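Computed from a prediction, not measured in an experiment: that's the story for all the values here. In the text below, chain A, chain B and the rest are named by the order of the sequence lines, each starting its count at 1.
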Amino acid sequence: MRYWLFKSEPSAWSWQMQQKAGAKGTFWSGVRNHLAKQNLSAMRSGDLGFFYHSNDGKDVVGIVEVIREAYPDPTAEAGEPWVVVDVKAAKPMPKPVTLAMVKAEPKLAKMSLITSARLSVQPVTEAEWNIICKMGGLKP
DNA sequence: GCCAACGTTGGC
DNA sequence: GCCAACGTTGGC
């Protein structure tokens, strides 16, 4: 089981929209970065990810579960290498964890969210996962 | 709205 | 293969 972080601008795709998509979930499209693509490819069914609102909010607002592993991005041009995974909303954060809270926690200083701010799909370590769940009011 | 970080493109 | 120019992301 691995952990991830998905970034989205709420104006493009918000947590509320993800929740409305329900148990069937949706594909996570639009990744056009090779490192992010590698991360998508490494995901397995059942992996969990934080849903992070960039720009507007700047907070972890929920948890999604990977329900289908990487396959070609339906929104990509023919011949392009991009992939998507399907995710569904698993549970909301009782208390959203803001970027400011992450930055204020020394144990999270090495998170990709801080060190690779522009990467849209990031790995999260188990230790980081547990800390943020706790900050968000979830039992580990 | 600005700007830093960073990835990509294209000229050489 | 280098690197300057340019575009995009995302925090402030």
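Here A/Trp4 and A/Phe51 keep their ring centres 6.0 angstrom or further from each other.
A 4.5 Å side-chain heavy-atom check between A/Lys58 and A/Thr98 finds every atom pair outside the cut-off.
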Please set out all donor-acceptor pairs under 3.5 angstrom arising from side-chain atoms of residues 78-93 of chain A, sequence neighbours excluded.
unit_1, atom_1, unit_2, atom_2, d
A/Glu80, OE1, A/Glu77, N, 3.1
A/Asp86, OD1, A/Tyr71, OH, 2.5

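Separating the CG atom of A/Asn55 from the P atom of B/dG1 is a distance of 14 Å, rounded to the nearest angstrom.
Between A/Lys37 and A/Asp73, none of the side-chain N atoms (NZ, or NE/NH1/NH2) sits under 4.0 Å from a carboxylate O, so this pair counts as no salt bridge.
Listed by first and then second residue, the ring pair (Phe, Tyr, Trp, His ring centres under 6.0 Å) pairs involving residues 112-138 of chain A are A/Tyr3-A/Trp129, A/Phe50-A/Trp129 (not counting sequence neighbours).
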- What string of B, S and - do you get for nucleotides 5-10 of chain B 5' to 3' if you count protein non-hydrogen atoms under 4.0 Å? BBSS--

